[in-house]
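The residues of the chain are indexed from 1 along the displayed sequence. Remember, predicted model here, so these are calculated numbers, not experimental data. Order of appearance sets the numbers: ligands from 1, and atoms from 1 within every ligand.
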Amino acid sequence: MKAFYAAEQKRHDPKAFLSSGAPKPNPEQPERVERLLAGAKAAGCTIERPRNHGLGPVAAIHTPEYLDFLEHIFERWQRIEGASEEVIPNIHPIARGGSYPASAVGQAGYHMADTACPISAETWESALWSAWSAVETAEAVLAGAPAAYALCRPPGHHAFADVAGGFCFFNNSAIAAQVLRRGATRVAILDVDLHHGNGTQGIFYARPDVLTVSLHADPVRFYPFFWGYADERGEGPGLGYNLNLPLPRKSSDAVFLKTLEAAFQRIRAFAPEALVVALGLDAFEGDPFGGLSVSTPGFARIGEAIAGLGLPTVIVQEGGYLCDALGDNLTAFLSGFGSKMKGAL
Ligand SMILES: [Zn+2]
């Protein structure tokens, strides 16, 4: 299976975030790339560098206001006397009904959902290359590959059309789905990350051409708190095109795999022509977030089960944090997937 990744994606190196109000080292570390690269290679992937795809495929998902903000905010932030080294918001609109602020501090609060996505000098370029890895992977599948893997880092599924959040800047899975729409009338996104794919849901919430399905730890006491509940079904023309499957904390392989069947039933009924898997590996029992209890062999079975849908598939890396098995979990997923889909590995 082809995998796409560019070295620039490693440059973004966030230092801090707040966890339950306390400053902690940011878990979205560049070292994740090394583990994931090793995991992809162990599964037989060949790693290729994506091309520069320009802003077009990113602007198909994200607003020009947000892109302008992300490109320039670090430089603007440096001009504020006494400002932090990284751009971190400290004030947010409680609703979006007010005015768009001119100030860097105001815009940071407008475009950043939380403190987990600090912006430094390297963020813009790293996030762009991460998005281009997703674009290249989707184009490989459009060109006939049964499946391909995008080693996207920084990750993307918490990013809305004009808001960063939860370590995410560009919604790589959404960008991949939009590229697939060039050749597919209907595209499904299946998000198996530990956390609800709130940004992806938000981007496609009113659209019937992209079905969004997410399995995740119940948000009642877990990030992203405000989204991910079973009664969020879409709106307007998109009503009925979003399915959330929240899981009890510490759910095991058996519960996860059984819940996947419900996801597959909805996906089959949508009859998509292509699939994006938002592949978080943080549902792992040993992940630092500790929300669910999927095992390493469990990821192989999840991969096998998803391959059973028989759809051209773009696999996009989302979460999964530093622990001894991070690379092994990717190997398990990709090997399991490849064992059930002819020609995928
Ligand atoms: Zn996650």
Thr200 side chain to His157 side chain, donor-acceptor N/O pair below 3.5 angstrom: no
Pair Gln317-Asn172, side-chain donor/acceptor within less than 3.5 Å: no
Asp328-Thr296 side chain donor-acceptor pair, cut-off 3.5 Å: no
Under 2.8 Å from the Zn ion (ligand 1), the protein N, O or S atoms, given as residue and atom: Asp193 OD1, His195 ND1, Asp282 OD2
Where at least one partner belongs to residues 24-33, residue pairs that pass salt bridge (Lys or Arg N to Asp or Glu O under 4.0 Å), sequence neighbours excluded: Glu28-Arg32, Glu28-Arg153, Glu31-Arg35
Other ILVMFWY residues reachable from Trp227 by side-chain steps of under 4.5 Å: Phe160, Val163, Tyr223, Phe225, Phe226
Acceptor/donor pairs from residues 268-279 side chains to any protein atom, 3.5 angstrom cut, sequence neighbours excluded:
from   : atom 1 : to     : atom 2 : distance (Å)
Glu273 : OE1    : Thr185 : N      : 2.7
Glu273 : OE2    : Thr185 : OG1    : 3.4

